[in-house]
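Inspection log for the structure reproduced underneath, given as structure tokens.
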Amino acid sequence: MKNRIYFGRIILFLLIGTAVFFLHDFLHSYFYMMLLWIMIILPVPDILLCLYVRHNLTVELSVSEQRTEKDTISYVNVRVANKAFFPSLHVRVNFTAENKFYNDQNNIVLTVPARIRHTEDIMLPMQLTRCGLIGYSVDKISVLDILGFFEICKKNPTYAEIAVLPSANTAVDRDMTDMNRGLTEAEETNKKGHDFSDTSDVREYIPGDKLMSIHWKLSAKRDILMVKDRVSMSDQQMVVLMDLAGTPNEVEQVIDLAYSMVRGLIADNLFVRFMWWSEGRFSFEERGLMSRNDLSDAFADVFYEKIYPDSERTKEYMRSIKPELKAYVNILAKNGEAVCEVVEQG
């Protein structure tokens, strides 16, 4: 988007002015004389008012929610605020939607009016068919003068983003007989904040309760010791490695399978050590997952990564960097589809 001059409209305006001049010269009419003077003077305030509106015009973006599931419709709010005491009938907004995970981008040009001292909210429905981190941005806007001679641009950086997670309704069959080979003993000392249990209620302290179960914030408010009642969870962990290698379609299938499978493991009260290879950091990222919120947070972090072509080197990195892992569940793309297999090391 650049500053533009519409020479065709200017030439047409000059031709009309020439016609008015000859009519005035032929008829000696005061009407045509006044019209001629208006046409001579009008472009000056027209350009000044256009610059005035441009200076007082802003566009902001916001999303209706920070996270959603794919195959749903999400709304982006485009707020056009005109603080000037003059309208613009033609404001052009350069809108970009980008899936940062897959590096896909679409550009849309919106044309909206800007009324006097008014804020206009435009809700854009967006069909989200792929997972990823969707970033919406507006880098420039432009204002057209009333006569349509000039389009003047203005930088207007604004940004909003939404994480698109896999659908929670997708279910997969899990062969736990085979997957149990990926279970290892959970080392609680290596995972601060995880005691492999889930909170079911809060009650008053009873002598003999563990100090680690005390709810300190609630105790301070009530001026009496309160402890968290816990439901015991598994003392084992399932190590799951999600491989982000492959084409965008293959990786999308891997993400769907991994999300559904890990969600099922969490529902079975199993602690999941979720891992993926980060090309940017050149290391394995790990998350300890004990709840659906943990799962959503982990996948939202995944979408800041980039996909890569070779899945074999992920296994090589795992053997060299994580040799202590005797076995893990690997979710990857093979022959154009997502599969789940248990990899035993050493």
Side-chain angles (χ1 to χ4, degrees), residues 67-72 97-106 127-135 161-175 178-179 181-182 238-266 272-287 289 294-323 325 327-345:
R67 293 177 186 171
T68 188
E69 295 180 3
K70 73 172 184 176
D71 297 323
T72 60
E98 179 184 9
N99 189 324
K100 295 181 176 294
F101 183 63
Y102 292 117
N103 200 26
D104 290 337
Q105 181 174 305
N106 290 309
Q127 181 71 39
L128 305 173
T129 58
R130 268 189 173 181
C131 298
L133 184 67
I134 311 299
E161 66 181 22
I162 182 172
V164 183
L165 302 174
S167 174
N169 297 324
T170 304
V172 296
D173 295 328
R174 291 179 288 130
D175 185 359
D178 187 58
M179 288 179 60
R181 293 190 291 126
M238 179 72 76
V239 180
V240 178
L241 172 65
M242 184 175 68
D243 203 328
L244 301 177
T247 66
N249 288 336
E250 290 172 339
V251 173
E252 185 76 8
Q253 294 181 50
V254 168
I255 290 173
D256 286 339
L257 178 59
Y259 188 86
S260 178
M261 184 168 292
V262 174
R263 195 170 184 270
L265 294 172
I266 292 173
V272 178
R273 183 179 174 186
F274 185 61
M275 304 175 64
W276 69 89
W277 176 253
S278 173
E279 281 282 278
R281 299 176 182 87
F282 204 77
S283 64
F284 284 102
E285 290 292 310
E286 299 186 28
R287 300 291 185 274
L289 309 184
D294 292 341
L295 178 63
S296 298
D297 291 342
F299 272 79
D301 290 342
V302 166
F303 297 141
Y304 286 96
E305 307 292 349
K306 299 294 183 183
I307 64 176
Y308 46 92
D310 187 9
S311 62
E312 285 302 317
R313 66 177 180 178
T314 311
K315 293 180 181 179
E316 294 176 5
Y317 292 152
M318 184 67 92
R319 283 192 293 267
S320 60
I321 299 177
K322 301 289 183 181
L325 287 178
Y328 60 91
V329 176
N330 191 17
I331 303 175
L332 72 163
K334 272 189 176 181
N335 301 320
E337 62 179 7
V339 298
C340 175
E341 60 184 25
V342 177
V343 179
E344 296 183 272
Q345 299 189 129

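Note that the structure is predicted; figures quoted are calculated from it, not measured.
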Which pair of heavy atoms, one from [X] and one from [Y], lies closest together, and at what distance?
X: Ala163; Y: Ala300; value: CB-CB, 4.3 Å
X: Thr72; Y: Thr68; value: OG1-OG1, 3.2 Å
X: Ile307; Y: Thr247; value: CD1-C, 4.3 Å
X: Val239; Y: Ala327; value: CB-O, 4.3 Å
X: Ser278; Y: Glu285; value: CB-CG, 3.9 Å
X: Glu305; Y: Phe101; value: O-CD1, 3.3 Å

Would you compute the distance between atom [atom1] of [X] and atom [atom2] of [Y] and round it to the nearest 0.5 angstrom?
X: Ile321; Y: Met275; atom1: CD1; atom2: CE; value: 8.5 Å
X: Leu332; Y: Thr314; atom1: CG; atom2: OG1; value: 8.5 Å
X: Leu128; Y: Glu69; atom1: CG; atom2: CD; value: 11.0 Å
X: Asp243; Y: Asn330; atom1: CG; atom2: CG; value: 5.5 Å
X: Glu98; Y: Asn106; atom1: CD; atom2: CG; value: 10.0 Å
X: Lys100; Y: Gln105; atom1: NZ; atom2: CD; value: 8.5 Å

Within-4.5 Å side-chain heavy-atom neighbours: [X] and [Y]:
X: Asp297; Y: Arg67; answer: yes
X: Met242; Y: Val262; answer: no
X: Leu241; Y: Met318; answer: yes
X: Leu165; Y: Ser296; answer: yes
X: Phe303; Y: Cys131; answer: yes

Steps toward side chain to side chain contact (heavy atoms under 4.5 Å, CB included) verdict (Gln253, Glu337): CA-CA 7 Å; Gln253 294 181 50; Glu337 62 179 7; 3.7 Å; yes
Pair Arg287 + Asp301: basic N to acidic O under 4.0 Å: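 Salt bridge between Arg287 and Asp301, a charged N being under 4.0 Å from a carboxylate O: yes.
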Sole residue of Asp71, Asn99, Asn249 in side-chain hydrogen bond (donor to acceptor under 3.5 Å, both in side chains) with Arg130: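 Looking at Asp71, Asn99, Asn249, the match for Arg130 under the side-chain hydrogen bond (donor to acceptor under 3.5 Å, both in side chains) is Asn249.
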Under the salt bridge (Lys or Arg N to Asp or Glu O under 4.0 Å) test, which residues partner [X], sequence neighbours left out?
X: Glu250; result: none
X: Lys306; result: none
X: Arg319; result: none

Stepwise side chain to side chain contact (heavy atoms under 4.5 Å, CB included) check, Lys322 with Glu286: CA-CA 12 Å; Lys322 301 289 183 181; Glu286 299 186 28; 2.6 Å; yes
With Glu161 via side-chain hydrogen bond (donor to acceptor under 3.5 Å, both in side chains) - residues at least two apart: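 For Glu161 the side-chain hydrogen bond (donor to acceptor under 3.5 Å, both in side chains) partners, ignoring immediate neighbours, are Tyr159, Tyr304.
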Phe299: partners by ring-ring contact (aromatic ring centres under 6.0 Å, His included), with sequence neighbours left out: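 So Phe299 forms a ring-ring contact (aromatic ring centres under 6.0 Å, His included) with Tyr259, Phe274.
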All ring-ring contact (aromatic ring centres under 6.0 Å, His included) counterparts of Tyr102, not counting sequence neighbours: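 ring-ring contact (aromatic ring centres under 6.0 Å, His included) list for Tyr102, sorted by chain: empty.
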Ile331 and Glu341: CA distance, side-chain angles, deciding distance, side chain to side chain contact (heavy atoms under 4.5 Å, CB included) verdict: CA-CA 7 Å; Ile331 303 175; Glu341 60 184 25; over 6 Å; no
Check: Tyr317 main-chain N/O paired with Ser320 side-chain donor or acceptor under 3.5 Å: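 Present.
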Side chain to side chain contact (heavy atoms under 4.5 Å, CB included) between Val254 and Trp276, worked out: CA-CA 12 Å; Val254 168; Trp276 69 89; over 6 Å; no
